[in-house]
Amino acid sequence: MKNQRTPTLFEQKIYDALLHIPKGRVTTYKLLAQTLRCRSAQAIGQALKRNPFAPEVPCHRVIRSDHHLGGFQGKRAGASIREKTRLLEQEGVLFNPEGFLIDPDRIVQI
DNA sequence: CGCAGATGGCTAG
DNA sequence: CTAGCCATCTGCG
């Protein structure tokens, strides 16, 4: 593990935004992208997948704009997603058995 | 409802 | 410098 490279400006913004998310609140990739002044949510997901700051950065508070969970720990399905939902439930954000957000009001923009 | 294309930045060679 | 990648998004059939 010698990939301790220098975090890019975008990554720092992403992590900073996540830390700005209050407890019990979630954000979407696209929304986060707009906050970062970026038009690609893909870049956001990539940075989170790399997440050199995990688990210092609550990347589990980021979901898709379709109210879907999205992915976690580099996977779009599996036990990782279950854990992600579990963490959000503990914060007050409930999801459907299929992985869909029940309370869209929990989504806030940074 | 399902698929393909677009889109912007990151990593690796 | 070039090419491929991404936990996405949007549009079209």
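Lettering follows sequence order; numbering is per chain, from 1.
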request  = For B:dG8, take OP1 and OP2 only and decide whether either is under 4.0 Å from a side-chain N or O of A:Arg39.
outcome  =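 For B:dG8, OP1 or OP2 has a side-chain N or O of A:Arg39 closer than 4.0 Å.
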query = Is A:Arg64 near enough to C:dC9 that one of its side-chain N or O atoms lies under 4.0 angstrom from OP1 or OP2?
reply =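 For C:dC9, OP1/OP2 do have a side-chain N/O of A:Arg64 under 4.0 Å.
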inquiry  = With hydrogens left out and only the distance checked, is there a donor-acceptor pair under 3.5 Å joining A:Gln46's side chain and the base of B:dG9?
reply    =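 Check passes, donor-acceptor contact within cut-off.
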note = Partner of C:dC1 under the Watson-Crick or G-U wobble criteria, both distances under 3.5 Å, comes out as B:dG13
B:dT7: pairing nucleotide in any strand, Watson-Crick or G-U under 3.5 angstrom =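 No nucleotide pairs with B:dT7.
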ask   = Do the side chain of A:Lys84 and the main chain of A:Gly71 share a donor and acceptor less than 3.5 angstrom apart?
value =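 Indeed, once roles are kept as given, a pair shorter than 3.5 Å links the two residues.
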query = Hey, which of these two, A:Ala47 or A:Lys30, hits DNA chain C nearer its 5' end, going by closest nucleotide?
reply =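 Result of the comparison: A:Ala47.
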Just to be sure I understand the rule, does [X] reach a base, reach only the sugar-phosphate, or reach nothing, if contact means heavy atoms closer than 4.0 Å?
X	result
A:Ser80	nothing
A:Phe10	sugar-phosphate
A:Lys49	base

query = Counting only heavy atoms not in A:Glu98, do more than 12 sit closer than 6.0 Å to its CD atom?
reply = no
key: Between C1' of B:dG9 and CD1 of A:Ile44, the distance in whole Å   = 9 Å
